[in-house]
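Naming: A, B, ... by sequence-line order, numbering from 1 per chain.
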Amino acid sequence: MIKITNLEKFYRTEEVETIALNKLSMHVDTGEFVAIMGPSGCGKSTLLNILGMLDDPDEGSYVFNDIEVAHFNERKRADLRKHNIGFVFQSFNLIDELTVFENVELPLIYTGVPTGERVKRVEEVLDKMQIMHRRNHYPQQLSGGQQQRVAIARAVVNKPKLILADEPTGNLDSSNGNDVMELLTDLNEQGTTIIMVTHSEHDARYSHRIIRLLDGQTVMENIMI
Amino acid sequence: MIKNYIKTAWRNIRNNKFYSVINIVGLTVGLVVGLFILLWVQDELSFDKFNTKAPNIYKIGIRGGSGPTEQIFSAIIAPVATSAKNELPEVKDAVRVKDFGSTTFKYQDKIFNENGAFTDPSFFSVFNFSLIEGDAQKPFLDNNSIIITKTVAQKYFGNEDPLGKVLSIIDQPQLFKVTGVINDPPNNSSIKFDVFLPLSYLNQMAYVKNSTRYNGTGRIASMDVDWISFNYDTYLLLKPNTNIAKLQKSLQKIHERNKPDDAPVPYIAQPLLNIHLYKADGSDGGIKTVNTFAIVAILILIIACINYVNLSTARSMLRAKEVSMRKIIGAGKAQLFFQFMAETTLMFLIATILAIGLMYALLPYYNQFSGKQLALNLSNYHIWLCIVITLIITLAASSIYPAILLSSFEPLKALKGRLTAGMGNASFRRMLVITQFSASIVLIISTFIIGKQLKYIRDKDLGFNKENVISLSMHGIMPHYDAVKNELLKQPGIIAVTRSSGNIIDYNNWTGDNDWDGKPANSNLLFHPMEIDKDFISFFKIRMLQGNAFTGAIADSNHLIVNETAVEAMNMHEPIGKRLRIQTVKGTIIGVVKDFHFSSMRKKIEPAVFMYNTSNGWDMYIKTTGGDAQKAIVATQAIWKQYNSNTPFNYTFLDESFSKLYKTEQQTGVLFNLFASIAIIISCLGLFGLATYSAQVKTREIGIRKVLGASVAGIVKLLALEFMFLILAAIVIAVPVAWYAMSKWLQDFAYRISIEWWLFLIAGLMAMLIAFVTISFQSVKAAIANPVKSLRSE
Ligand SMILES: Nc1ncnc2c1ncn2[C@@H]1O[C@H](COP(=O)(O)OP(=O)(O)OP(=O)(O)O)[C@@H](O)[C@H]1O
Ligand SMILES: [Mg+2]
């Protein structure tokens, strides 16, 4: 599904140039559950953003589903993104002005799903995430765990092939964190590819494979059994 | 999708009540004021357009006088119209109109004053005043026909058929049979009368029967050979694409052929569509006010739009996260653009509804104030067109930029809070604030200067004493003047009585028929001739500079008194004893009076000449003690009744007539006051919003600074200083603009104040103060907040 080769990303400020990704190569197959780990500042989020097509690399190749996307323009990336990729963030990033239902509904609106179908699909996924009873609440009225479940619901409602999660349990206590990990595992078992950045060895154990980064380079891969 | 846009938009408005209220109030006020002014402008521009033939109708005038007294006469001699129609192929038709002023008509027991005119029958076909009742082919059946408006018909005859009914004029034997009814002239017609008599009736009465008109060689047999009375407003209906310059020459030739000694008489043809807003020579008249007001309306709308743009772009920072998330989830740029457009549109819709509601409520006051009769009914599509266009433009102006800005956020940066778009545009916002305040300050300065000029006019020494003087037209008193005067002088509260041939406050009679020893051949000097009684000069305390006033001696009928300007214009040294002929009076100058203002201060004082003649006295002046003015009026009315059984008693205080001369200016003054206040209020609303936003964004910074020991004053300074610099910049821009605009406005006055620098200083300080109060409200609030709280809220 994903194959990147010699990927480079620099951040230039007036004086210093930071190399966030340094000739990084890796691949992820369809249906895999991959965890990315590494010390702070090693380029995990940068990598995830590029994989999610929120950002573009400076050098190297990124092939997504047999399409070279490294030099796609913003518009093409956005198009590919909205049909294929769902995001889960550490800080949930729900839209405060919208209810739970509306937050989850939003991706469907943007991909032009008709109203009747939208309601059905949102209800389905809210049910699955067990937050149906909170459908008319606003994000501030929910606990962190609940918010993250809404965020996951929003990420999966469009049935994306790939879910990118950047420290999804970072702001949660261990019990809520475990719930989220169970949800991701379920999704993976139903066929969704998952790439997750985490600092927690415990969470990483849910994945099939751990990629360890250091200074923008892959240093080690462990296959989990 | 649209439903979703609206829902989101509505929620955003609701969840940010503070900004929404500021935005909506600003927009509503701006729209109400802007629209009201634009409606007024539209009405002014629509004058006479209802005449379908208007583009081919021209009003004919001539240039008369020479040197300082050059004038344009908009009424000309009667035969020109007939000759033009007969001789010039490009003239399809001609209409003459002779105003006969307010006259009291009577039908059975119904008595009313009507404004009337003598006119040619062509009046009813050239203008869109076609008969709704009567014979369009022959509007006047004979000389004793009268045509009336619908309202007049209603007033006298109710629902009865007006045709054939007979009206009489009070105190006169003639009877007039109604032969036609026309619709009331629309409010935007410059030709407005209630009743019309045939011009041939005037000819019959004034020339054929009563033979009141003479020229050098004898009686004038008919109006159509009267080449000396400049009395008739003349309109020509021309063929399309007529060469106007050529027409003017042709008219001049006709005139000069028939009256060679008038040569040269340059003729002027002014388009009917221009007469409301331009002077006869084509120079700016009312159009100046129209342009000024249009600019003010646009300024106010711009100020209101700027508020919106400023607040929504400033707040875009706070919305960065929402926008980014939408993008990450899959929103396209276009979708976000439309979402923000929907938000603005909804906000506008609310403001529009409020504005139109308010306009309905305020319309009666507005009409009363502006002297218009605007109606917001749906049938008047001009008004709605004006409203809709204004709305669309303001909507576009205030929505597109914020929508583009918001929809083009880069999602990653925004999410990480490293977004600079909102802040990076701070300089753009600063520019907008400067624009807003520049406009407001220009208006404030204008208000000051207009006010000061009006005060100057009010307080200026007119050169005569108008205090506590009542004036009235004598009507039936005229032949009994001496008896009435004696009677009046016996009344308590009445100090003196005098009379003259015209009103001293606004005296506009002219004569070019004059001669004096040494008059240059090319001089066409015009005089204002006024016939006065012997006590007129002392009554008004007009100062004699040389010679003597009239004494009432028989010899006085050949004596003349002139003003300083006349002496100067005639270039006369030692004027006393010099000979001067004014019309038929071949006289000697016996006195010179100090110049006094017998006309508006827009005009320089012009040459005037007093003649002693009591038989033409029409205006009576009664000086009261002031305290007993009311008693004096009651007594005068009682005496009036004895001589004018039917004519209603009408009087005015000279002070009032004087104020009326400057009614437009006074209105402009009041309006500018209002505009300036509204502009500054809307601007401050925006500033208040920005200051609030600024304090909100800096909450954390303020908290940290306070923890580190910053004082409240220091923090207020931190927040307010930035804005005060903007106001300072606005002042720098506003001063020259206001100075330029106001010196142009003042040019309309021959007598005017000079613009002083301290007016600008005061206006600037005022703006600073208002802005400072606005800002500090928020800044102080932020500064005194408990830092622990503000830090935790992040
Ligand atoms: N917009 C930016 N401008 C400049 N440097 C950046 C930018 N974004 C990231 N970096 C730098 O790139 C490097 C990688 O950052 P990245 O956010 O990917 O780290 P991370 O592995 O996700 O760290 P953490 O575990 O703390 O989230 C860091 O050195 C960081 O300072
Ligand atoms: Mg990170």
Side-chain angles (χ1 to χ4, degrees), chain A residues 9 11 13 45-46 48-50 52-56 73-99 101-115 118 138-140 150-151 153-158 160 164 166, chain B residues 1-20 312 315-340 342-343 346-347 404 406-421 793-794:
Chain A
K9 178 77 184 175
Y11 290 109
T13 51
S45 298
T46 306
L48 211 61
N49 289 333
I50 292 175
M53 298 178 217
L54 293 172
D55 210 349
D56 50 358
N73 64 19
E74 158 84 28
R75 202 197 165 97
K76 277 184 174 166
R77 278 191 273 143
D79 215 48
L80 207 57
R81 184 169 70 220
K82 78 175 162 192
H83 288 105
N84 293 293
I85 306 174
F87 292 88
V88 178
F89 298 92
Q90 175 178 2
S91 51
F92 325 134
N93 283 337
L94 297 173
I95 295 175
D96 294 336
E97 286 77 17
L98 302 181
T99 62
F101 185 92
E102 288 160 349
N103 261 292
V104 177
E105 185 190 21
L106 213 50
L108 298 176
I109 292 177
Y110 290 134
T111 43
V113 177
T115 321
R118 276 207 309 261
Y138 286 93
Q140 291 95 332
V150 176
R154 188 177 63 181
V156 302
V157 69
N158 237 340
L164 299 174
D166 196 345
Chain B
M1 197 72 178
I2 290 180
K3 209 180 107 200
N4 189 268
Y5 286 153
I6 295 172
K7 190 172 70 185
T8 319
W10 170 243
R11 215 168 278 159
N12 239 307
I13 291 173
R14 209 190 46 197
N15 287 351
N16 297 290
K17 286 198 189 71
F18 175 73
Y19 291 101
S20 304
S312 47
R315 287 193 49 247
S316 60
M317 252 286 279
L318 302 176
R319 296 185 62 177
K321 188 185 136 196
E322 175 206 336
V323 176
S324 321
M325 259 340 277
R326 284 179 187 272
K327 278 201 157 177
I328 289 171
I329 288 166
K333 232 179 169 164
Q335 285 163 321
L336 285 173
F337 178 81
F338 285 117
Q339 187 199 320
F340 293 117
E343 228 167 88
L346 192 67
M347 195 85 94
I404 290 178
L406 278 165
S407 56
S408 58
F409 277 164
E410 279 182 58
L412 260 189
K413 286 189 183 159
L415 257 195
K416 284 192 184 160
R418 236 185 276 129
L419 181 91
T420 46
S793 79
E794 265 296 287

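- Residues satisfying the side-chain contact (heavy atoms from CB on, under 4.5 Å) test with L80(A), not counting sequence neighbours, are M53(A), F64(A), V69(A), F72(A), N84(A).
- Note that the CG atom of L98(A) and the NZ atom of K7(B) stand 8.0 Å from one another [nearest 0.5 Å].
- Legend: salt bridge (Lys or Arg N to Asp or Glu O under 4.0 Å) pairs involving residues 326-337 of chain B, not counting sequence neighbours, sorted by first then second residue: E322(B)-R326(B).
- If you measure heavy-atom distances from R154(A) to chain B, the contacts under 4.5 Å come from the side chain alone.
- A 6.0 Å sphere centred on CZ of F338(B) holds no more than 12 heavy atoms belonging to other residues, nucleotides or ligands.
- L54(A) touches chain B through backbone and side chain together, each having a heavy atom under 4.5 Å away.
- Interface summary for chain B: among D79(A), N103(A), I109(A), T115(A), the most heavy-atom pairs under 4.5 angstrom belong to I109(A).
- When all heavy atoms of Y110(A) and G330(B) are compared, the pair lying nearest together is CB-O, 3.5 Å.
- K82(A) NZ to I329(B) CD1: the interatomic distance, rounded to the nearest 0.5 Å, is 12.0 Å.
- Heavy atoms of other residues, nucleotides or ligands lying less than 6.0 angstrom from CZ of R75(A) number 12 at most.
- Distance CD1/I328(B) to CG/N49(A): 7.5 Å, rounded to 0.5 Å.
- Between M325(B) and F87(A), the closest side-chain pair of non-hydrogen atoms is not below 4.5 Å.
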